[in-house]
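Here's the structure, in structure tokens; my notes come after.
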Amino acid sequence: MVKVTLKGDVVKEFDSGITAAEVAKSLGAGLYKSACACRIDGEVRDLRTAIENDCELEILTFDSTDGKKAFWHTTSHVLAQAVKRLFPNAKFAIGPAIDNGFYYDFDVEKPFSPDDLEKITAEMKKIVKEGYELERFLLDPEKAVELLEEMNEPYKVELCKEHTDKGEPISFYKQGEFTDLCAGPHLMSVAPIKAVKLTACTGAYWRGDSKNAQLCRVYGVSFPKASQLEEHLQKLEEAKLRDHNKIGRELEYFTTVDYVGQGLPVLLPKGARVIQLLQRWVEDVEQSKGCLLTKTPLFAKRELYKISGHWDHYLDGMFILGDPYDETKECFALRPMTCPFQYQVYLNKQRSYRDLPMRLTETSTLFRNEASGEMHGLIRVRQFTISEGHYILRPDQLEEEFKGCLELAKYCLDTVGLLEDCTFRFSQWDPKNPNNKYEGTAEQWEHAQSVMKKILDNIGLDYEIGIDEAAFYGPKLDIQYKNVFGKEDTIVTIQIDMLLAEKFGMYYVDSDGQKKLPYIIHRTSLGCYERTLAYMLERFAGALPMWLMPEQVRVLPISENLSGQAKEVEAKLAAAGIRVTTDVRSEKIGYKIREAQLEKIPYMLVIGNKEIEDGTVSVRSRKNVNLGAMSVDEFIKLAKEEIDSKKRD
RNA sequence: GCUGGAAUAACUCAGUUGGUAGAGUACCUCACUCGUAAUGAGGAAGUCGAGGGUUCAAGUCCCUUUUCCAGCUCCA
């Protein structure tokens with residue numbers, strides 16, 4: 001007998017060797033029916049797992065993350081089965097569950113067309129109806145490779161061979177005529193997959209390496225109920241309504257022009273104004289934290305980048321002015337980073353340990369020649385402006401200054417409303433990086449990373465580790481943000497650099513009279529303004545916090561002949577420092593309100609004969625709330641409070 | 001850079017097997033002077049992204065190219 005501890009610390013006894021599925025069945029037919037996988041002593045397992053020792057057992061349904069994953073993973077097998085039936089020559093790569101569904105990579109002669117996807121979906125539905133049970137079986141590594149070779153699956157053979165040296169048996173899952181190499185866990189049967197949608201068909205490189213063959217990746221999502229699928233698709237549609245690339249254009253924050261070029265958005269007055277407001281605020285915050293503002297050139301001779309290492313590591317990413325390979329002529333490059341420029345400020349004269357830390361910051365426009373497929377709205381562009389700082393410091397100051405940088409970034413992100421959705425990534429080097437990406441020795445890297453780890457752990461920060469995500473000169477703490485499509489990018493980065501100071505000969509004279517190399521922190525406090533604006537537009541669906549709105553208040557006279565009085569109100573507000581306009585057109589009040597609402601204007605002040613008699617304004621907020629009549633002074637007080645507090649929804 | 005999708009009026013989109021361009025909104029004019037998300041009438045507006053080709057005839061078919069979108073790779 002085994003003792004199984006269930007949810008709520010309920011302990012039940014079963015015969016040894018009972019499967020998790022049978023335990024679920026004993027607990028209730030409903031639970032058994034909806035069970036997707038289980039967790040045994042904290043580890044996610046297959047429902048077929050036999051229980052031979054006392055353990056804690058949790059039955060995972062579709063409501064749990066891991067239950068969903070098993071469900072979606074099984075759906076990816078159904079997808080593969082359908083593809084095999086319709087396209088017998090397709091070769092299979094991998095087909096995992098992801099955060100919002102699943103995908104499967106196929107090697108096919110021609111990528112699937114939308115038409116093909118429909119046919120595949122129909123075949124999947126057929127397979128689900130056929131209701132196959134999944135069977136799991138184990139093979140010795142050699143036998144497993146043999147089977148996969150027999151099946152003529154070269155990618156699977158390659159995957160399998162990686163595990164053969166461990167000597168452990170290799171697991172397979174079989175449903176009907178279809179067998180796949182797979183670690184699981186999986187559903188007991190394909191029958192519960194009632195609703196399936198294949199959402200996209202794109203290219204993806206084998207093993208994520210662009211040097212390898214490009215495969216055809218089919219994305220999809222599935223649910224136990226059709227209504228859940230509909231709800232899911234509805235949510236995706238709603239998310240798209242927040243897409244900055246859509247509303248940023250509609251609300252006239254930015255536009256793009258064919259003949260200007262890719263990745264070169266044109267900021268319209270509203271977008272330019274928000275960025276101006278952000279920049280002024282960030283510069284003030286930074287200076288209040290002891291930062292010194294610099295203004296350095298936007299481009300420099302090739303020689304500067306040779307010292308910094310950018311010429312060797314980043315040439316493809318730079319815009320070059322001149323022939324990079326003609327050493328007899330002057331050649332310039334637009335700057336992709338500020339570091340080597342800002343170091344010149346430090347190098348301007350001899351520095352003492354007393355001068356450190358020296359916190360340099362700049363509102364810095366950068367140029368990066370991104371590959372043509374990379375550009376995306378305001379999130380990924382070829383020219384952007386970032387608050388970029390370099391703190392030059394003694395080793396003993398590293399921890400405190402690093403913490404200061406993190407506090408600054410968190411403060412900035414919190415103020416603009418993005419912090420709560422951020423995640424942290426400790427980006428480390430990969431000694432096995434095949435492209436010789438990293439400068440410095442293994443010792444230097446291990447040292448820098450262990451120092452950074454200690455600092456992060458002391459702070460108690462919850463972070464993920466990103467291998468091979470470091471900068472070429474050092475490890476990073478990246479603050480990550482997801483856009484409305486779930487794609488993650490870095491919004492803020494703080495980096496520890498123990499290499500570049502030496503390259504530039506940046507010394508300080510220490511208290512013992514010796515010349516020593518400083519450490520450098522590369523940091524941004526709010527990231528680049530274009531990207532931050534994009535995320536804010538998505539986060540607030542265009543209704544930015546009032547302190548950043550280009551137009552904060554609109555005065556709406558009920559009829560055209562009251563525009564004189566309305567203009568007086570406008571002047572009063574403007575004098576109080578509020579950004580305000582008046583809609584003097586001869587339109588109905590409902591029409592004017594509708595327009596102001598669609599433009600997300602925080603407050604609308606309606607003025608009719610009644611208000612003029614009472615000396616008041618009728619205040620309506622963009623949250624569709626009528627706040628009633630109040631005096632202009634009262635409203636100014638209310639508005640100023642909201643602006644000064646940088647309040648956000 | 002790679003894979004797939006797209007580009008028609010300022011915007012959102014329709015346009016059948018190839019037969020010569022259409023709606024709503026916005027804009028302009030006029031009337032209305034209005035009470036919390038769309039007043040009515042009229043008008044103007046398109047080299048169908050660009051270039052080439054097939055054809056008696058191309059928005060529609062083919063090729064090239066630019067830009068936009070999703071994904072991969074890369075990256076703030």
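What's counted below: heavy atoms across the whole structure, side chains too, no hydrogens, waters or symmetry copies. Every value quoted in this text rests on a predicted model; they were computed, and no experiment measured them. To find a chain, count down the sequence lines: A is the first, B the second, and so on, and within it residues start at 1.
Between A:Phe87 and A:Phe112, the distance from one ring center to the other falls under 6.0 angstrom. Residues A:Phe367 and A:Phe319 place their aromatic rings such that the two centres sit no closer than 6.0 Å. The six-membered or imidazole ring of A:Tyr603 lies near that of A:Phe635, with a centre-to-centre distance under 6.0 Å.
Comparing the same atom, C1', in B:U55 and in B:C62 gives a spacing of 12 Å after rounding to whole Å. Comparing the same atom, P, in B:U25 and in B:A38 gives a spacing of 14 Å after rounding to whole Å. The separation of B:A14 from B:A7, taken at their P atoms, amounts to 8 Å, rounded to a whole angstrom. Atom P of B:G71 sits at a distance of 24 Å from the matching atom of B:U65, rounded to the whole Å. The gap from the P atom of B:C63 to that of B:U3 amounts to 14 Å, rounded to the nearest Å. Across the P atoms, B:A9 and B:G46 are found 10 Å apart, a figure rounded to whole Å. Here the separation of B:U47 from B:G59, taken at their P atoms, is 13 Å to the nearest Å. Spacing of P atoms, B:U17 relative to B:A10, comes out at 28 Å, to the nearest Å.
The distance from atom OG of A:Ser427 to atom CG of A:Asp478, rounded to the nearest 0.5 Å, is 3.5 Å. Within the model, atoms CD of A:Glu374 and CD1 of A:Ile379 stand 13.0 Å from one another, a figure rounded to the nearest 0.5 Å. Put simply, CD on A:Glu388 and CG on A:Leu366 are 5.5 Å apart, with the number rounded to the nearest 0.5 Å. The CD atom of A:Glu286 sits 7.0 Å away from atom SG of A:Cys412, with the distance rounded to the nearest 0.5 Å. Going from atom CD of A:Glu118 over to atom CG of A:Leu198 covers 10.0 Å, rounded to the nearest 0.5 Å.
Heavy atoms of A:Lys437 sit under 4.0 angstrom from primed sugar atoms or phosphate atoms, though from no base atom. Counting any heavy atom pair closer than 4.0 Å across all strands shown, A:Ser113 reaches no nucleic acid atom. Counting non-hydrogen atoms under 4.0 angstrom, A:Arg620 reaches a base of the nucleic acid. Looking at heavy-atom distances under 4.0 Å, A:Ala371 makes contact with a base. Heavy atoms of A:Lys240 sit nowhere under 4.0 angstrom from any nucleic acid atom. If you check every strand for non-hydrogen atoms under 4.0 Å, A:Lys610 touches a base. Among the protein residues, A:Glu488 comes within range of no part of the nucleic acid, since none of its heavy atoms lies under 4.0 Å from any strand. A:Asn624 comes within contact range of at least one nucleobase, with a heavy-atom separation under 4.0 Å. Residue contacts shown for A:Ile379 include a base, since a base heavy atom lies under 4.0 Å away. Residue A:Glu587 is classed as a base contact, given a heavy-atom separation below 4.0 Å to a base. When heavy atoms are screened at a 4.0 angstrom cut-off, A:Gly608 is found touching base atoms of the nucleic acid. If you check every strand for non-hydrogen atoms under 4.0 Å, A:Ser586 touches a base. A:Leu598 comes within contact range of at least one nucleobase, with a heavy-atom separation under 4.0 Å. Here A:Ser210 lies in heavy-atom contact (under 4.0 Å) with sugar-phosphate atoms only.
When the nucleotides B:A76, B:G35, B:G71 are ranked by their closest atom to the side chain of A:Arg368, B:A76 comes out on top. Taking every side-chain heavy atom of A:Ile589 into account, B:G35 is the closest of B:C75, B:U33, B:G35. Side-chain proximity of A:His376 to B:G71, B:C69, B:U36: nearest is B:C69. When the nucleotides B:G4, B:U39, B:C74 are ranked by their closest atom to the side chain of A:Lys588, B:U39 comes out on top. Out of B:U33, B:A70, B:U3, the shortest distance to the side chain of A:Asn561 is found at B:U33. When distances run from any side-chain atom of A:Glu374 to the nucleotides B:U73, B:A70, B:A76, the shortest one goes to B:U73. Nearest to the side-chain atoms of A:Ala204 among the listed nucleotides B:G35, B:C72, B:G4 stands B:C72. Comparing B:G35, B:A76, B:C74 by their nearest atom to the side chain of A:Ser618 picks out B:G35.
Looking at heavy atoms from C-beta onward, A:Thr524 lies in side-chain contact with A:Thr493 at the 4.5 angstrom threshold.
Here the closest heavy-atom approach between residue A:Gly95 and residue A:Tyr104 is recorded as CA-CD1, 3.4 Å. The minimum heavy-atom distance linking A:Gly542 with A:Met549 is given by the pair O-SD, 4.2 Å.
With RNA chain B read from its 5' end, the first of the two nearest nucleotides for A:Lys476 and A:Pro114 is the one closest to A:Pro114. Comparing A:Val381 and A:Ile593, the nucleotide of RNA chain B nearest to each residue sits closer to the 5' end for A:Ile593.
In this model, the phosphate group of B:A26 is approached by a side-chain N or O of A:Tyr591 to a distance below 4.0 Å at OP1 or OP2. One finds no side-chain N or O of A:Lys592 lying less than 4.0 angstrom from the OP1 or OP2 phosphate oxygen of B:U39.
Rounded to whole Å, the distance from OH on A:Tyr205 to P on B:G71 is 15 Å. Distance, A:Arg585 CZ to B:C30 P: 16 Å, rounded to whole Å. If you measure from atom CG of A:Leu268 to atom C1' of B:A10, you get 13 Å, rounded to the nearest angstrom. Per the geometry, CD belonging to A:Glu599 stands 16 Å off P belonging to B:A37, to the nearest Å. Atom CG in A:Leu562 sits about 8 Å away from atom P in B:C34, given to the nearest Å. One interatomic measurement links the two molecules: CG of A:Asn433 to C1' of B:U73, which rounds to 13 Å at whole-angstrom precision.
Not a single donor-acceptor contact under 3.5 angstrom links the side-chain atoms of A:Arg217 to the base of B:C72. Evaluation of atom-type donor-acceptor distances gives a pair under 3.5 Å for the side chain of A:Glu611 against the base of B:G35.
Exactly one residue among A:Tyr155, A:Trp206, A:Phe106 makes a ring pair (Phe, Tyr, Trp, His ring centres under 6.0 Å) with A:Phe92. That residue is A:Phe106. Partner of A:Leu418 under the side-chain contact (heavy atoms from CB on, under 4.5 Å) criterion, chosen from A:Asp421, A:Asp414, A:Val416: A:Val416.
With centroids closer than 5.5 Å and planes inclined by less than 30 degrees as the test, A:Phe384 and the base of B:A76 pass as a stacked pair.
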Check nucleotides 66-68 of chain B for protein N or O atoms closer than 3.5 Å to its own N or O atoms and list the pairs.
unit_1: B:U67; atom_1: O2'; unit_2: A:Asp258; atom_2: OD1; d: 2.9
unit_1: B:C68; atom_1: OP2; unit_2: A:Gln262; atom_2: NE2; d: 3.0

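Pairs of Watson-Crick or G-U wobble type, with distances under 3.5 Å, assemble into runs of 3 or more in RNA chain B at these ranges: B:1-7 with B:66-72, B:10-13 with B:22-25, B:27-31 with B:39-43, B:49-53 with B:61-65.
We find that A:Asp116 and A:Lys110 are not joined by a salt bridge, their nearest charged nitrogen and carboxylate oxygen being 4.0 Å or further apart.
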